[in-house]
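Below is one structure, written out as structure tokens; comments come after it.
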2 protein chains.
Amino acid sequence: MAKKQVTFADIAEYTHFSKTTISRYFNHPDSLTLENQEKISQALDTLGYKKNKLAKVLANGKSEFIGIIVPNLYLHYYSEMLTQLLSSYSNYHYKFLVFSSEHGAEEEQQYIEELLSYQIEGLIVLSHTLSSQKLASYQIPVIAIEREAEYISSITTDNYMGSLQATSLLIRDKCDILIHINVNVEKTVPAYDRIRAFEETCKEYQVPYDIDLSVSGNSYQEILNVIRRIFTRIEEKYPNQKKGIFLANDTYANMFLNLIFQKYGKLPPTYEIIGFDNSPIASESILPITTVGQQIDVIAQTAMELLVQQMEEQKKRAPKPLEKPIHKQITPVLIRRNTTS
Amino acid sequence: MAKKQVTFADIAEYTHFSKTTISRYFNHPDSLTLENQEKISQALDTLGYKKNKLAKVLANGKSEFIGIIVPNLYLHYYSEMLTQLLSSYSNYHYKFLVFSSEHGAEEEQQYIEELLSYQIEGLIVLSHTLSSQKLASYQIPVIAIEREAEYISSITTDNYMGSLQATSLLIRDKCDILIHINVNVEKTVPAYDRIRAFEETCKEYQVPYDIDLSVSGNSYQEILNVIRRIFTRIEEKYPNQKKGIFLANDTYANMFLNLIFQKYGKLPPTYEIIGFDNSPIASESILPITTVGQQIDVIAQTAMELLVQQMEEQKKRAPKPLEKPIHKQITPVLIRRNTTS
DNA sequence: TTGTACGCGTTATCAG
DNA sequence: CTGATAACGCGTACAA
């Protein structure tokens with residue numbers, strides 16, 4: 001509000017060109033003589049011109065905005081994913097409007113409305129509350145990351161492969177009993193494949209297994225208490241057997257490892273432990289934890305490629321809305337550290 | 001581009017009102033009769049109207065955008081801060097444009113230019129590369145968080161108080177030797193006060209102390225190796241004394257604790273350990289670590305209050321640019337856990 | 001209570 | 001290579 005911005009009109013007046021020519025200076029500089037480019041260039045910084053992209057957007061319809069909705073940034077997975085998405089700026093020059101939504105569907109819908117009102121060209125969704133059907137109804141390119149995505153395109157870690165790798169390692173290491181510890185995930189969620197792969201692999205190789213889906217809780221302490229109960233149960237039930245424990249994530253794995261260490265002062269040879277995610281805690285733990293590493297950078301990159309592609313399509317005169325959603329899976333890598341032999 | 005947006009003009013035509021009235025429906029609904037409000041309301045969803053905030057911004061100059069520049073989101077401190085800032089949306093309804101910048105000053109300046117071109121009303125800076133003088137020159141409300149801020153307003157943890165609390169606790173617990181482990185921070189950085197308070201407090205109470213600023217490295221492994229060297233040195237130099245170790249952050253504290261555990265299988269009574277930040281690792285560690293908890297939520301909240309205030313000022317007819325920058329310090333809280341008696 | 005006319009800063013179209 | 005003019009969608013004096 002202070003002093004009016006310097007606009008194309010001002011530049012035009014100063015240089016005795018028209019606004020159109022000034023515009024061209026920015027968008028098709030080749031169509032001006034070098035001499036005139038120089039004139040305008042000089043006028044620009046004697047007048048102290050600053051672009052106004054909003055006006056540009058209004059005029060040409062290309063906002064270069066992408067909306068992101070994450071459940072939270074507390075979990076390393078989400079914050080790292082956001083980092084990777086933001087870093088794509090250097091490639092694509094899309095700007096990101098970020099919302100964090102943890103209070104249910106209404107809130108999330110409201111955020112999307114707001115995002116749409118800023119003419120976002122695409123949307124990346126990491127939260128779970130809105131159905132993919134609802135998301136598809138917004139008629140805008142959407143990419144889901146690691147969530148239910150029947151009606152929209154998605155990128156997901158290949159949970160089945162990850163779990164298979166972990167389970168196979170425990171089998172190769174000749175564990176007597178394989179145990180998988182997880183929350184009771186719904187079958188529609190991609191992460192359910194971790195349970196499925198564990199079970200199917202155990203059956204295939206005919207090794208005894210035990211699936212414990214009793215984990216729950218909203219705080220570290222609550223979850224730790226559950227893990228402690230599970231630990232006690234396992235200690236009692238499989239006293240002298242070699243136990244291969246595959247946990248749903250590195251946080252659980254770290255809890256379990258701590259409990260072992262507090263009891264034995266070390267990791268006894270009767271235990272092998274594998275986590276999931278390759279989050280920092282896996283390497284910061286008392287013993288670096290073997291884990292299934294999600295390739296967050298690759299996931300983010302792939303998401304952007306897919307989204308950019310669909311957004312480009314939208315800008316054409318006859319945008320074909322992509323009759324079938326595209327689903328990509330990124331294979332995770334097994335990272336062997338010190339909790340397996 | 002697909003089908004044109006529904007605009008006020010369309011609503012106006014449909015309802016036989018003027019565009020102005022439609023505009024008023026949104027901004028001063030009281031000035032319409034209830035009957036007409038109803039008419040318009042109905043027209044809105046039969047036509048499927050969606051707002052266009054960009055047009056609104058262009059018309060009234062209030063973008064409701066705030067720019068954020070963080071160095072990265074890998075560190076818990078930054079991601080948590082971003083979370084807290086984003087969550088202020090429910091109070092203030094400002095939208096956030098987020099950039100992550102780790103490649104030096106030119107990159108960062110470019111990002112700020114871009115942000116300005118989107119008519120951001122304010123800027124929150126967590127990165128260190130640009131001087132506060134430079135930032136002040138952009139003539140826009142800026143808040144610095146935990147960084148040099150001579151020429152701009154800032155929010156900082158009261159590092160002196162935090163360090164003082166930690167040091168005092170170690171003294172109360174009758175440690176024979178107090179040791180502070182840190183990187184060699186510059187004196188202009190707020191975190192330097194941690195070193196200063198440690199030293200001054202030790203001197204005041206006349207306890208022997210040892211300041212080790214040799215920490216360095218860009219990866220977890222590199223840093224761990226340095227911490228290991230320091231650990232070895234301390235073990236040799238102060239064999240039978242009770243050692244009070246105050247580390248610059250919880251990650252270092254966790255490393256140190258792990259080294260102790262790997263050697264002794266427990267935390268011997270000759271050690272007390274205090275970290276800084278209250279990041280997740282402090283509670284996820286093999287033994288929950290006593291730490292100085294930064295009140296990230298309070299910092300974020302205060303930052304937003306200050307920024308909103310300055311942005312409001314800007315919108316007035318005679319915006320007074322705040323002759324002196326305001327600096328606020330947030331007192332951290334000592335969180336006593338299991339690595340102190 | 002409602003409408004007219006114009007401005008916000010840029011781009012697109014058509015003309016020359 | 002350059003320019004006039006009309007969009008883009010909404011807000012706001014000023015007038016009625």
Side-chain angles (χ1 to χ4, degrees), chain A residues 1-40 43-44 47-65 114 116-121 315 317, chain B residues 1-40 43-44 47-65 114 116-121 315 317:
Chain A
M1 291 280 139
K3 318 155 195 87
K4 269 184 43 190
Q5 291 185 47
V6 179
T7 75
F8 282 9
D10 301 320
I11 316 280
E13 189 181 22
Y14 184 89
T15 57
H16 304 290
F17 285 112
S18 69
K19 292 196 295 177
T20 313
T21 302
I22 311 301
S23 172
R24 270 197 277 264
Y25 170 82
F26 288 103
N27 300 318
H28 310 284
D30 302 343
S31 69
L32 307 196
T33 60
L34 279 173
E35 195 189 335
N36 289 343
Q37 288 187 41
E38 193 48 40
K39 272 190 198 166
I40 295 179
L44 250 37
L47 295 186
Y49 171 75
K50 307 230 181 286
K51 322 188 212 258
N52 184 333
K53 284 235 183 181
L54 291 190
K56 179 169 179 166
V57 173
L58 187 61
N60 75 5
K62 298 169 188 177
S63 70
E64 298 178 356
F65 279 144
E114 180 97 28
L116 290 174
S117 81
Y118 280 100
Q119 315 301 101
I120 54 167
E121 297 184 36
K315 292 177 189 166
R317 30 210 61 244
Chain B
M1 290 280 139
K3 319 155 195 87
K4 270 186 43 191
Q5 290 185 50
V6 179
T7 76
F8 282 11
D10 301 319
I11 317 280
E13 188 181 21
Y14 184 88
T15 57
H16 303 291
F17 286 111
S18 71
K19 291 196 298 176
T20 313
T21 303
I22 311 301
S23 172
R24 271 197 275 264
Y25 169 83
F26 288 103
N27 301 320
H28 310 285
D30 302 343
S31 69
L32 307 196
T33 60
L34 280 175
E35 195 188 335
N36 289 342
Q37 288 186 40
E38 192 49 39
K39 271 189 197 166
I40 296 179
L44 251 36
L47 295 185
Y49 172 75
K50 307 232 181 284
K51 321 189 210 253
N52 184 335
K53 284 235 182 180
L54 291 190
K56 177 168 181 166
V57 172
L58 188 61
N60 74 5
K62 299 170 188 176
S63 69
E64 297 179 354
F65 278 143
E114 180 99 28
L116 290 174
S117 81
Y118 279 101
Q119 314 301 101
I120 53 166
E121 297 184 35
K315 290 177 189 167
R317 31 211 60 247

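Chain letters run A, B, ... following the sequence lines, proteins first and then strands; every chain starts at 1.
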### Message
Just the rounded figure in Å: distance from C1' of D/dA7 to CG of B/Asn52.
### Response
14 Å
### Task
May I ask you to evaluate whether A/Ser18 reaches the phosphate of D/dG3, defined as a side-chain N or O under 4.0 Å from OP1 or OP2?
yes
Do any side-chain atoms of residues 49-56 of chain A form donor-acceptor pairs under 3.5 angstrom with protein atoms, and if so which ones, sequence neighbours left out?
residue	atom	partner	partner atom	Å
A/Asn52	OD1	A/Leu54	N	2.9
A/Asn52	OD1	A/Ala55	N	3.1
A/Lys53	NZ	B/Glu114	OE2	3.3

### Task
Whole angstrom is fine here: how far is it from OH in B/Tyr49 over to P in D/dG9?
10 Å
### Task
Please list, chain by chain and in numerical order, all residues satisfying side-chain hydrogen bond (donor to acceptor under 3.5 Å, both in side chains) with B/Ser117, sequence neighbours excluded.
none
### Query
Checking side chain to side chain contact (heavy atoms under 4.5 Å, CB included) for the pair B/Ile22/B/Thr15: CA distance, chi angles, key distance, verdict?
CA-CA 9 Å; B/Ile22 311 301; B/Thr15 57; 3.9 Å; yes
### Task
Ignoring the backbone of B/Leu58, work out which of C/dT2, D/dG9, C/dG3 is nearest its side chain.
D/dG9
### Task
Please state whether the rings of B/Phe65 and A/Tyr118 are parallel, tilted or perpendicular, taking 30° and 60° as the class boundaries.
tilted
### Message
Could you tell me how far apart B/Glu13 (CD) and D/dG9 (P) are, to the nearest whole angstrom?
### Response
14 Å
### Query
Rounded to whole angstrom units, what separation is found between the NZ atom of B/Lys39 and the C1' atom of C/dT1?
13 Å
### Query
Per the end-axis method with five pairs at each terminus, what is the bend angle of the helix from C/dT1-D/dA16 to C/dG16-D/dC1, to 10°?
30°
### Message
Please enumerate all residues that pass ring pair (Phe, Tyr, Trp, His ring centres under 6.0 Å) together with A/Phe17, with sequence neighbours excluded.
### Response
none
### Query
What pairs with B/Thr20 under side-chain hydrogen bond (donor to acceptor under 3.5 Å, both in side chains), at least two apart in sequence or on another chain?
none
### Summary
To the nearest angstrom, the CG-P distance between A/Leu54 and C/dT11 comes to 12 Å
### Summary
The side chain to side chain contact (heavy atoms under 4.5 Å, CB included) partners of A/Ala59 (sequence neighbours excluded) come to none
## Note on the structure
With sugar-phosphate taken as primed atoms, P, OP1 and OP2 and all else as base, the protein-contact string of nucleotides 11-16 of chain D at under 4.0 Å (heavy atoms; B, S, -) is SBB---
### Message
Does C/dG3 have OP1 or OP2 under 4.0 Å away from a side-chain N or O of B/Thr21?
### Response
yes
#### Entry: ring pair (Phe, Tyr, Trp, His ring centres under 6.0 Å) involving A/Tyr25 - partner list, sequence neighbours excluded
none
### Task
May I ask you to verify if any side-chain N or O of B/Tyr25 is less than 4.0 angstrom from the OP1 or OP2 atom of C/dT1?
no
### Message
Among residues at least two apart in sequence or on other chains, which ones pass side chain to side chain contact (heavy atoms under 4.5 Å, CB included) with A/Asp30?
### Response
none
#### Entry: Distance, rounded to the nearest Å, where A/Ile11 contributes CD1 and C/dT11 contributes P
12 Å
